[in-house]
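I'd like to ask you about the structure that follows.
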Amino acid sequence: MARRIDVTGAGGVRLAAWEFTDPPKTGDGGRTPGVLLLHGLMGRASHWAGTARWLAERHRAVALDQRGHGRSEKPPQGPFDREAYVLDAEAALVQLGLGPAVLIGHSMGALTAWQLAARRPDLVRGLVICDMRASALGAASQREWEDWFRSWPLPFTTLADVRKWFGEDDPWVERPNPARGEFYAEVMTECTDGWRPVFSQFQMLQARSTWVFDAHWEELTAVQCPTLVVRGLDGELGRAEAQEMVRVLPRGEYAEVADAGHLVHYDQPEAWRAAIEPFLDGVLAEL
């Protein structure tokens, strides 16, 4: 069972944080090390359920529905800029008493994580960056996303249709990927006319527009805690860029997961665990 914890984000936005198991008992009266999990654009906290459950064996693992996503508030006027997302994550760490914590972020959530780590080193003891580029993606990338959103055959009649379209029929799918279908089924809700996303596509484009035109290398260099950069071999973060990210990080490490695309933790959950668990053990050893 997932336990919801309410968090007040920047500007009073209501956020939903989730613990998927009870906090572990340390047995010695010590404080359980915290982990905050941040999903990517269009994701939700439940995408981290599998990861959070094994993390909870040794950590207090909490996943956050970020603004505009999942069960968190979706303010019509936003904001959905970088400042808002970073301040929301900071608020979650403080209000939940997690810091100094390990931040684990996927895609947009990884960018939020390293921006927060650079800004508030006192709150972050370790960082895992999953398949997020530091370079600018540019205007063409944003136009591609606009076109892609328009291609969605909304509403979907059934969840099976969702799984099939995103796992097989989506023009962005190079080969059948059931995990991708499941990922998108998780962010659909049943409406009067069929199944639609729990988020606003317009708001997602707003959020994305606040990072795709800029590079984020300078913020990486300001991250002082141990940091693991993880990429799927078929993901969006190329090997050369990932290794350059490791090079500019003061305490960077590198890992890659075979047979995984952008959704590394969803495509290959066991290999994902194998890639990040030794790093987390090392961070724990420094306590």
Side-chain angles (χ1 to χ4, degrees), residues 9-10 13 15-18 36-48 51 63-75 78-89 92 103-116 128-152 154 162 166 170 172-173 177 179-189 196-216 219 230-232 235-237 260-267:
V13 170
L15 305 173
W18 303 87
L36 182 66
L37 298 132
L38 298 172
H39 60 74
L41 191 72
M42 302 183 295
R44 65 187 308 171
S46 58
H47 284 142
W48 289 116
T51 298
L64 181 68
D65 274 335
Q66 296 174 79
R67 62 174 57 212
H69 298 75
R71 297 287 185 88
S72 287
E73 190 175 356
K74 304 165 180 63
F80 296 99
D81 55 21
R82 289 285 79 222
E83 181 78 2
Y85 281 105
V86 173
L87 288 176
D88 286 348
L103 302 183
I104 300 178
H106 172 247
S107 195
M108 179 191 74
L111 175 58
T112 300
W114 88 60
Q115 290 179 323
L116 178 56
V128 177
I129 295 170
C130 180
D131 217 66
M132 180 61 186
R133 300 179 62 183
S135 58
L137 302 181
S141 173
Q142 190 73 348
R143 288 194 297 270
E144 288 173 1
W145 271 69
E146 292 168 359
D147 291 342
W148 180 54
F149 274 150
R150 282 193 290 267
S151 75
W152 290 20
L154 296 174
V162 174
F166 286 101
D170 182 349
W172 281 20
V173 174
N177 186 343
R180 189 174 187 271
E182 291 295 337
F183 184 94
Y184 283 97
E186 187 75 14
V187 295
M188 296 291 163
T189 188
R196 294 181 178 274
V198 298
F199 51 79
S200 157
Q201 292 175 317
F202 175 72
Q203 290 182 351
M204 296 302 98
L205 289 171
Q206 280 187 300
R208 193 172 188 273
S209 70
T210 66
W211 88 74
V212 296
F213 302 109
D214 300 314
H216 306 283
E219 293 148 306
V230 185
R231 62 178 290 267
E236 297 177 8
L237 175 61
H262 181 57
L263 307 175
V264 181
H265 55 303
Y266 234 68
D267 285 343

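Below, all heavy atoms of this structure are taken into account, side chains as well, without hydrogens, waters or symmetry copies. It should be emphasised that the depicted structure is a prediction, and the values quoted were computed from it without experimental measurement.
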Establish, yes or no, whether a centroid distance under 6.0 Å links the rings of His265 and Trp48.
yes

Is it the case that the side chain of Gln142 and the backbone of Arg208 share a donor-acceptor pair, with hydrogens and angles ignored and the cut-off at 3.5 Å?
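No.
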
May I ask you to decide if the ring planes of Trp148 and Tyr184 are parallel, tilted or perpendicular, using 30° and 60° as cut-offs?
perpendicular

Please report the interatomic distance OG(Ser135) to CG(Asp214), rounded to the nearest 0.5 Å.
11.5 Å

Interatomic distance, Phe199 atom CZ to Thr189 atom OG1 [nearest 0.5 angstrom]:
11.5 Å

What I want to find out is whether Asp170 reaches Arg180 closely enough, with some N-O distance under 4.0 Å, to be called a salt bridge.
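Result for this pair is yes, salt bridge flagged.
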
May I ask you to decide if Glu186's main-chain N or O and Arg44's side chain share a donor-acceptor pair within less than 3.5 Å?
yes

Over 12 non-hydrogen atoms of neighbours within 6.0 angstrom of CZ in Phe202:
no

By side-chain contact (heavy atoms from CB on, under 4.5 Å) - contacts of Ala113 (at least two apart)
Leu38, Leu103, Leu127

Give me the atom names and distance for the closest heavy-atom approach of Ala89 to Thr112.
CB-CG2, 4.1 Å

Exercise: identify the closest heavy-atom pair between Ala10 and Asp88:
N-OD1, 2.7 Å

Any donor-acceptor N/O pair, Gln203 side chain to Pro75 backbone, under 3.5 Å:
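Checked: pair present.
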
Rounded to the nearest 0.5 Å, what's the gap from CG on Leu111 to CG on Leu116? Could you check?
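Answer for the CG-CG pair, Leu111 versus Leu116, is 11.0 Å.
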
Considering only heavy atoms from C-beta outward, does the side chain of Pro197 approach that of Trp152 to under 4.5 Å?
yes

Under 4.5 Å between any side-chain heavy atoms of Met204 and Trp145, yes or no?
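A side-chain contact under 4.5 Å is absent here.
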
Do any N or O atoms from the side chain of Asp65 and from the backbone of Arg71 form a donor-acceptor pair under 3.5 angstrom?
yes

Nearest-0.5 Å distance, NE2 of residue His69 to CZ of residue Phe80:
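Atom-to-atom, His69:NE2 and Phe80:CZ are 8.5 Å apart.
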
Measure across His39 and Ala45 and return the closest heavy-atom pair with its distance rounded to 0.1 Å.
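That closest heavy-atom pairing would be CD2-N, 3.7 Å.
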
Please lay out, stage by stage, how Met108 and Gln66 fare under the test side chain to side chain contact (heavy atoms under 4.5 Å, CB included).
CA-CA 10 Å; Met108 179 191 74; Gln66 296 174 79; 4.0 Å; yes

Using the side chain to side chain contact (heavy atoms under 4.5 Å, CB included) definition, which of the options His47, Met132, His262 pairs with His106?
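Among His47, Met132, His262, the one meeting side chain to side chain contact (heavy atoms under 4.5 Å, CB included) with His106 is His262.
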
Taking all atoms of both residues into account, what is the closest heavy-atom pair of Asp131 and Gly232, and its distance?
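In this case the closest contact between Asp131 and Gly232 is OD1-N, 3.4 Å.
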
What is the distance from atom OG of Ser151 to atom CD of Glu146, rounded to the nearest 0.5 Å?
12.5 Å

Hey, does the side chain of Ser141 reach the backbone of Gly138 with a donor-acceptor pair shorter than 3.5 angstrom?
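Answer holds: no.
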
Go through the structure and list residues passing salt bridge (charged side-chain N to carboxylate O under 4.0 Å, His left out) with Arg143, not counting sequence neighbours.
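Arg143 satisfies salt bridge (charged side-chain N to carboxylate O under 4.0 Å, His left out) with no other residue.
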
Return the minimal non-hydrogen interatomic distance between Ala16 and Ser72, and the atom names on each side.
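Shortest heavy-atom contact: N-OG, 2.8 Å.
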
Main-chain N/O of Gly261 paired to Asp267 side chain as donor or acceptor, under 3.5 Å:
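Yes; at least one donor-acceptor contact below 3.5 Å.
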
Residue pair Arg231 / Leu237: nearest heavy atoms and the distance that separates them:
NE-O, 2.7 Å

Using the rule given for side chain to side chain contact (heavy atoms under 4.5 Å, CB included), can you reason through Val187 versus Phe166, listing the C-alpha separation, both sets of side-chain angles and the distance that settles it, and then say yes or no?
CA-CA 12 Å; Val187 295; Phe166 286 101; over 6 Å; no

When rounded to the nearest 0.5 angstrom, what is the spacing between CZ in Phe183 and CG in Asn177?
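Taking CZ in Phe183 and CG in Asn177, the distance rounds to 11.0 Å.
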
Would Arg67 and Leu15 count as a side chain to side chain contact (heavy atoms under 4.5 Å, CB included) if you check the C-alpha gap in whole Å, the side-chain angles of each, and the deciding distance to 0.1 Å?
CA-CA 7 Å; Arg67 62 174 57 212; Leu15 305 173; 4.1 Å; yes

